[in-house]
Amino acid sequence: MAASLACSFFFDAEPLGEHGMPAQDACALCAKHFGRDSDVFMYKGDTPFCSEECRDEQMHLDAACARQAARAAARRQKQFSSGTASGRGHRESREVPVAS
């Protein structure tokens with residue numbers, strides 16, 4: 001009996017979900033609660049979805065975000081490169097009077 005009491009205490013003490021992480025009892029995209037005998041479709045290891053459609057939609061959203069982030073990073077890199085390239089080797093020339 002002590003073992004079953006310890007197990008129930010351990011599982012009761014587990015957090016239901018971390019802040020910012022989806023709960024394991026609902027779809028991460030549409031928030032549909034899982035039934036006892038329902039299939040769960042996983043993505044990225046620990047993110048549950050109620051259907052292949054929800055999982056595929058999340059995969060498409062993630063891919064679009066990754067493409068957008070890559071384009072933004074490329075723009076920043078291009079701006080940085082052009083900004084430092086114009087500063088290199090550029091010397092200001094001024095006439096300086098020389099005493100003869």
Side-chain angles (χ1 to χ4, degrees):
M1 178 157 159
S4 64
L5 180 61
C7 288
S8 66
F9 173 75
F10 175 76
F11 289 111
D12 289 344
E14 286 185 349
L16 295 176
E18 295 179 28
H19 181 66
M21 294 294 292
Q24 296 294 318
D25 60 345
C27 178
L29 188 67
C30 72
K32 176 181 172 184
H33 287 278
F34 299 128
R36 231 174 168 35
D37 295 328
S38 63
D39 289 333
V40 177
F41 299 86
M42 302 301 287
Y43 174 57
K44 289 190 173 181
D46 61 351
T47 307
F49 295 92
C50 65
S51 66
E52 288 184 59
E53 291 80 16
C54 279
R55 183 185 62 191
D56 290 345
E57 179 67 22
Q58 185 64 53
M59 292 168 80
H60 290 302
L61 290 170
D62 288 350
C65 286
R67 284 190 302 271
Q68 185 178 12
R71 283 193 299 267
R75 278 193 302 270
R76 283 192 303 273
Q77 180 63 34
K78 187 176 180 181
Q79 288 173 349
F80 176 75
S81 296
S82 66
T84 57
S86 65
R88 284 187 199 149
H90 181 300
R91 296 178 188 216
E92 191 175 311
S93 61
R94 289 185 277 166
E95 288 187 26
V96 180
V98 179
S100 354

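Values reported hereafter were calculated over all heavy atoms of this structure, with side chains retained and with hydrogens, waters and symmetry mates removed.
Looking only at side-chain heavy atoms (C-beta outward), C27 and P48 stay at 4.5 Å or farther from each other. Counting only heavy atoms from C-beta outward, the side chains of L29 and E57 approach each other to under 4.5 Å. Between H33 and D25 there is a side-chain heavy-atom pair separated by less than 4.5 Å.
In this structure, the side chain of S38 engages the main chain of G35 through a donor-acceptor pair within 3.5 Å.
Closest heavy-atom contact between M42 and R55: O-CD, 3.4 Å. Between Y43 and F49, the shortest heavy-atom contact is CB-CE1, 3.5 Å.
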**Study point:** side-chain contact (heavy atoms from CB on, under 4.5 Å) between F34 and C50, intermediate numbers included
**Key:** CA-CA 7 Å; F34 299 128; C50 65; 3.8 Å; yes

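To the nearest 0.5 Å, the span separating OG1 on T47 from CZ on F41 amounts to 15.0 Å. Once rounded to the nearest 0.5 Å, the distance linking CD of E52 with CE of M59 reads 10.5 Å. Interatomic distance, CD of Q58 versus CD of E53, reported as 14.5 Å (0.5 Å rounding).
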